[in-house]
Amino acid sequence: MASADKTINTDVPEKDVFAIHFLQSLSNLRTQNLFNSPDTTNYRVRKIKKAAYVSMARAAGGTSRLWSRALLRRATKGNNKIVRFPRKKRKVTWKISSKRRRSDQRAPVVEEAAERLRNLVPGGGGMETSKLMEETAHYIKCLSMQVKVMQCLVDGLSPK
Amino acid sequence: MDMSDKDEFAAKKRDLDWRISDSNNPMSAPSQIMDSSFRQNLWDDGGFNVHTDAGTSFRGNVDRPLEMGGWNMAQFPADSGFIERAAKFSFFGCGSFGELMMMNQHSNGLFVQDTQKNQIGVATGSKQVDGPVKVVKENGSSNVSEDSQSSGGNNGHDDAKCMEISSKVFNAKKRKRTGKDSEQEDKKEKDEQSPNSNANKTNSGKQASDPVKDGYIHMRARRGQATNSHSLAERIRREKISERMKFLQDLVPGCDKVTGKAVMLDEIINYVQSLQCQIEFLSMKLSAVNPVLDFNLESLLAKDALQVPAPTFPQDMSMLYPPLPYFSQKGFMQPNLSSMSTLNGGLKRQETHGYESDQHNVVQMNPETSTAPDHEKDTTANTEVEP
């Protein structure tokens, strides 16, 4: 899986994968009989949005990426029958705090922006800046892919 | 006389109870103190792993001669034999010491650092030192000297020479030590070049600070190692971050002209936000569209498949990205309605360019799905795009 950059691997699956995942989630939503019944379109919108994010996370690699893992964990807070999270040793917490303390001293310009990025990218809170940028790159790729898929869908489904 | 003295010393060096003071030192107390430290230094002969213990003790020792600098000068008798010995192994004499350390640099790093210190407050070695010093060189043994401040006959002008020499030695020493650092760092899989450049940097840094810090050489040495690894780590981290920033720059459209980390990061943040807004907007659109049509998975996939294999659209790709990311939601609506077809065509076009393997997959998918709806949709899509 070598991408253009040797050290950073931000390969993203094909558009088909994203499309399939999204369509599956949409059909699941449909079978839940949500449409035409819920009170507000807002509810539907939120459901669709959540389905979009979850399917994107699944298509992008499931639990192999930090951001996707965080997204899925956030999405299935109460009932986790959907995703299986691999067990990882939780020594990370101590390292995170120590890294954070040092990263405050390092180039405050970069760190401020990194802070804002952390709020945007799911799972960014526990990452060092360099790792954060990797995840951001992959996240951007996946997001753009998902946007394309959804755009195609909308275009395809919209009445002519 | 010189040779015999040296033989004595060489023999006694291995004996841990060796005390120079025993031989012929009129000054008992301070020399004994120093000798004990010298003894430890002898243990370190040939390896400089025992920095800390000998270092600290030595530092304590070295402090005293500096304090007692003037007093030592006064007290040391101009004994010829004493002077010679002191000159040879002149630990506290500057001029000879530098040369001495050059010869003995392989043996004990501690000596080097102490020269740096010693030359500060101590009278320099005299020219008469040169003779015996050369003899010592042949021996190649790092011997200890008593307080050889008696050798400080000619103070003034060996100072400069001493500084140069000892700084050279210090350089060599530094290079070796940073070489050791580089071993440690290579274990951590760091740059190979950076230790060298870092060594040069720290060399100059250390030289600059040498005359300033009295009595803390060994602390400084250890701190020097720490700052080496830290600054190395910092530099490597910086490089990582800038490498990733470059990668992100390729990803985010419109970031070629932007230089500087802050602005680029702002751009990236804006782009991520805009993408997320787009998803939200599209999901709203989908929820509006949804109740109209049934979800037929295969047909939907066919629709997606249709998007790709239409390579003859002369749409401008660049128009896709500039409008999309930076439209607000409302703004997106109107141009979207009007330029829906062009966007569609643009999307298709871009898809063909970006994902050629997609094309293959999709083409394979095409024959699988039913043909009739495809044809219909084909025509509609075509009529849509070609104005």
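Every value quoted in this text rests on a predicted model; they were computed, and no experiment measured them. Quick note: numbers below take in every heavy atom, side chains included, and nothing from hydrogens, waters or symmetry partners. Quick note on labels: first sequence line is chain A, next is B, and so on, each numbered from 1.
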- [ ] Give the C-alpha distance, both sets of side-chain angles, the deciding distance and a yes or no for side-chain hydrogen bond (donor to acceptor under 3.5 Å, both in side chains) between A:Tyr139 and B:Gln276.
- [x] CA-CA 11 Å; A:Tyr139 186 58; B:Gln276 286 178 338; 2.9 Å; yes
Open item on the list: Under the criterion side chain to side chain contact (heavy atoms under 4.5 Å, CB included), I'd like the reasoning laid out for B:Phe247 against A:Thr136: C-alpha separation, chi angles, the key distance, then a yes or no.
Closed with: CA-CA 10 Å; B:Phe247 190 68; A:Thr136 306; over 6 Å; no
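Ranking B:Leu265, B:Ile269, B:Asp250, B:Val272 against chain A, the residue ahead of the rest is B:Ile269, based on heavy-atom pairs under 4.5 Å.
With values rounded to the nearest 0.5 angstrom, B:Asp266 atom CG is found 9.5 Å from A:Glu112 atom CD. Annotation: the span from A:Thr129 atom OG1 to B:Met245 atom CE amounts to 11.0 Å, rounded to 0.5 Å. How far OG of B:Ser283 is from OH of A:Tyr53: 8.0 Å, rounded to the nearest 0.5 Å. Here the straight-line distance linking atom CE of A:Met133 with atom NZ of B:Lys240 works out to 13.0 Å at 0.5 Å rounding. Here the straight-line distance linking atom CD of A:Glu134 with atom CG of B:Leu248 works out to 10.0 Å at 0.5 Å rounding. Residue B:Gln273 holds its CD atom at 10.0 Å from CG of A:Asn119, rounded to the nearest 0.5 Å.
Between B:Ile268 and A:Ile140, the closest side-chain pair of non-hydrogen atoms falls below 4.5 Å. Between A:Phe22 and B:Leu286 there is a side-chain heavy-atom pair separated by less than 4.5 Å.
For B:Leu251, the part lying under 4.5 angstrom from a heavy atom of chain A is the side chain only. Proximity to chain A (any heavy atom under 4.5 Å) is shown, for B:Ile241, by both the backbone and the side chain. With a 4.5 angstrom heavy-atom cutoff, A:Lys131 touches chain B only via backbone atoms.
Listed for the B:Arg244 side chain is a donor-acceptor partner under 3.5 Å among the backbone atoms of A:Ser130.
Across all non-hydrogen atoms, the minimal contact from B:Ile279 to A:Met150 is O-CE, 3.6 Å.
Under 4.0 Å is where a charged nitrogen must lie from a carboxylate oxygen, and between A:Glu111 and B:Arg237 at least one such pair does.
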